[in-house]
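Everything on this sheet refers to the single structure shown next.
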2 protein chains.
Amino acid sequence: MMGVIMPFERNVEIYGEDEPADYLYKVVSGAVRTYKILADGRRQIGAFYLPGDVFGLEMGSAHTFSSEAIADSKVLVIKRSSVATLAASNNSVAQQLWTITARELRRVEARLMLLIKTAEERVAGFLLEMIKRSNDAGTVELPMSRQDIADYLGLTIETVSRTMTQLEHSAAIALPSSRRVVIRNRSALNRLNG
Amino acid sequence: MMGVIMPFERNVEIYGEDEPADYLYKVVSGAVRTYKILADGRRQIGAFYLPGDVFGLEMGSAHTFSSEAIADSKVLVIKRSSVATLAASNNSVAQQLWTITARELRRVEARLMLLIKTAEERVAGFLLEMIKRSNDAGTVELPMSRQDIADYLGLTIETVSRTMTQLEHSAAIALPSSRRVVIRNRSALNRLNG
DNA sequence: CGTGCAGTTGAGCAAATTCAACGCTTGTGG
DNA sequence: CCACAAGCGTTGAATTTGCTCAACTGCACG
């Protein structure tokens, strides 16, 4: 599929909320977050995107979230109109667009389930999600900060930090460094996942 | 579009989680909720569907939520395979399927934004959503119980009840009966909606 | 080195939950 | 027609959870 690979430095905006959605994007390397800022300054992270993930695909004409590179990243940028043209003639492309949206829906629904739970369950669920999306089943290198995780889970950085420490003390995980998580007891995490 | 209209009594299951998704559904009258039950008995409501809304449309082969009629309802039941056949030849049908999924995604994302907020903001946001989806802009008849609302917003019935009372005292709404809500001060609700 | 940023930890506080009691409405049976 | 039970909603008091404010640590970078 056509498109151009563009580099984005850490914390640089890829697109803004309400901007025309003329392009869609695929993470090649690095990581991306989408987010909204509320009137009072609170930020909600919409999703994290890792290499291979497509983001910025909209039905309407504008983006509903803003997006930024979490780390220095390379992103494949594809003109939406060219995809639309393809989809009009090629049924399997149309199918793929639907699949991407449906997968997105599944992920958001899974997160809904997280957000009704306690802090410990949210963090455990988040770690399991990150593990599942990474290649290595035993260790995850988190590309995002504690603030990003907090805004993703609807918690404060302090609560995220305390909960991580708590999970470490209960031997569910190990934290060789703050961004590196080793799963020590997956079933304990699964149990928390309700 | 073909299909059969079926009646469902209050609290009767329409389909269960993990059951084969051979049909999709459209609310004709009444109201429907989708939900999941967690291991410890907590329930999370996935969505409320009102007349005109389509639900139970899946990409995969199984339903990801269970669904029940909230009140006595009539539901148009459509065989999925017949829709799939149509979509294969007719591009605009395929487009419509995508649109339904995308709209669902938007709604869930909007709810994500709600779930990171305070109880008062969640309830205000819920009422605004219900008002927007109803015809009358000034009054809503809520088809669902306080327990349903609580499970939708990730709160307890007590907190929902107290918050409603509080909104009534602050003159944002009036409650002629527990299921009937009159909007008295929409801008106050919007302010809470952040 | 020192400065700044990210993360951790602690103490006190506010918000929502839990537990419990009570009121209102509805339906059922005597 | 009244009595009573059941379901739903509201209200109150005590408790718990996560938040706020604040101090402190470790680390990277100039």
Side-chain angles (χ1 to χ4, degrees), chain A residues 9-11 31 33 38 40-45 70-72 114-127 141-170 173-181 192 194, chain B residues 9-11 31 33 38 40-44 68 70-72 114-127 141-170 173-181 192 194:
Chain A
E9 287 183 11
R10 193 174 109 91
N11 292 332
R33 62 177 168 250
L38 299 183
D40 62 359
R42 276 176 299 182
R43 182 183 67 160
Q44 168 67 342
I45 301 267
I70 292 174
D72 294 352
L114 268 192
L115 289 182
I116 64 162
K117 302 192 200 171
T118 64
E120 193 178 28
E121 292 170 316
R122 292 187 211 192
V123 173
F126 168 73
L127 293 177
E141 185 74 31
L142 300 175
M144 71 290 285
S145 70
R146 291 289 186 270
Q147 185 65 61
D148 287 334
I149 300 173
D151 291 346
Y152 183 71
L153 296 176
L155 299 170
T156 60
I157 41 174
E158 293 95 331
T159 300
V160 171
S161 179
R162 274 187 255 269
T163 307
M164 292 274 211
T165 308
Q166 187 180 324
L167 288 175
E168 192 179 25
H169 286 157
S170 69
I173 62 172
L175 289 166
S177 80
S178 69
R179 298 288 183 100
R180 183 178 294 271
V181 181
L192 285 173
Chain B
E9 286 182 11
R10 190 174 110 92
N11 292 332
R33 62 177 168 251
L38 299 184
D40 62 358
R42 276 175 299 180
R43 182 182 67 160
Q44 167 67 343
E68 287 175 352
I70 293 174
D72 293 353
L114 268 192
L115 289 182
I116 64 162
K117 302 193 203 173
T118 65
E120 193 177 28
E121 292 170 315
R122 292 188 213 191
V123 173
F126 168 73
L127 293 177
E141 187 73 32
L142 301 175
M144 70 291 286
S145 70
R146 291 287 187 270
Q147 186 64 64
D148 288 335
I149 299 173
D151 292 345
Y152 183 71
L153 297 177
L155 299 170
T156 60
I157 40 173
E158 292 96 331
T159 301
V160 171
S161 180
R162 276 186 253 270
T163 307
M164 292 274 212
T165 309
Q166 187 180 323
L167 288 175
E168 191 179 25
H169 286 158
S170 68
I173 62 172
L175 289 167
S177 81
S178 69
R179 299 286 183 103
R180 184 177 292 271
V181 181
L192 285 173

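Residue numbers start from 1 in every chain, and the chains themselves are labelled A, B, ... in the order their sequence lines are given, proteins ahead of strands.
When rounded to the nearest whole Å, the span between CG of B:Leu192 and P of C:dA15 equals 14 Å. Atom pair B:Arg162:CZ and C:dT18:C1' shows a separation of 10 Å (rounding to whole Å applied). The distance between atom CG of A:Leu153 and atom C1' of D:dG18, rounded to the nearest whole Å, is 13 Å. The nearest whole Å value for the distance from the CD1 atom in A:Ile149 to the C1' atom in C:dA6 is 12 Å. Between the CD1 atom of B:Ile157 and the C1' atom of C:dC19 there is a distance of 12 Å, given to the nearest Å. The CE-P distance, from B:Met164 to D:dT11, rounds to 12 Å in whole Å. The separation between A:Leu115 atom CG and C:dA16 atom C1' is 16 Å, rounded to whole Å. The interatomic distance linking B:Glu120 (CD) with C:dA15 (P) rounds to 10 Å, in whole Å.
Contact annotation: A:Ser145 side-chain N/O to C:dA6 OP1/OP2 distance is not under 4.0 Å.
Out of D:dG18, D:dT11, C:dG10, the shortest distance to the side chain of B:Thr165 is found at D:dT11. Nearest to the side-chain atoms of A:Glu158 among the listed nucleotides D:dG9, D:dG18, D:dA22 stands D:dA22. Checking D:dG9, C:dA16, D:dC19 against the side-chain heavy atoms of B:Arg146 singles out D:dG9 as nearest. Closest contact between the side chain of A:Leu155 and the listed nucleotides D:dT10, C:dA16, D:dC19 involves D:dC19. Of the listed nucleotides (C:dG7, D:dA13, C:dG10), C:dG7 has the atom at the smallest distance from the side chain of A:Ser161.
As judged by a 4.0 angstrom heavy-atom cut-off over every strand, B:Arg10 is placed among residues touching the sugar-phosphate backbone only. When heavy atoms are screened at a 4.0 angstrom cut-off, B:Thr159 is found touching base atoms of the nucleic acid. Contact annotation for A:Arg179: backbone-only contact, meaning every heavy-atom pair under 4.0 Å involves sugar-phosphate atoms and none involves a base.
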Exercise. Test A:Gln44 against A:Leu38 for side-chain contact (heavy atoms from CB on, under 4.5 Å), laying out the working first.
Key: CA-CA 8 Å; A:Gln44 168 67 342; A:Leu38 299 183; 5.8 Å; no
Practice problem: Kindly determine whether A:Glu121 and A:Leu114 satisfy side-chain contact (heavy atoms from CB on, under 4.5 Å), including the steps that lead there. | Solution: CA-CA 7 Å; A:Glu121 292 170 316; A:Leu114 268 192; 5.7 Å; no
Exercise. Carefully, step by step, assess B:Glu120 and B:Gln166 under the rule side-chain contact (heavy atoms from CB on, under 4.5 Å).
Key: CA-CA 9 Å; B:Glu120 193 177 28; B:Gln166 187 180 323; 3.2 Å; yes
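Atom CZ of B:Arg179 sits in a crowded spot, with more than 12 heavy atoms from other residues, nucleotides or ligands closer than 6.0 Å.
Toward the 5' end of DNA chain D, the nearer of the two residues B:Asn11 and B:His169, judged by each one's closest nucleotide, is B:Asn11.
Using a 4.5 Å heavy-atom cutoff, the side chains of A:Thr163 and A:Leu155 are not in contact.
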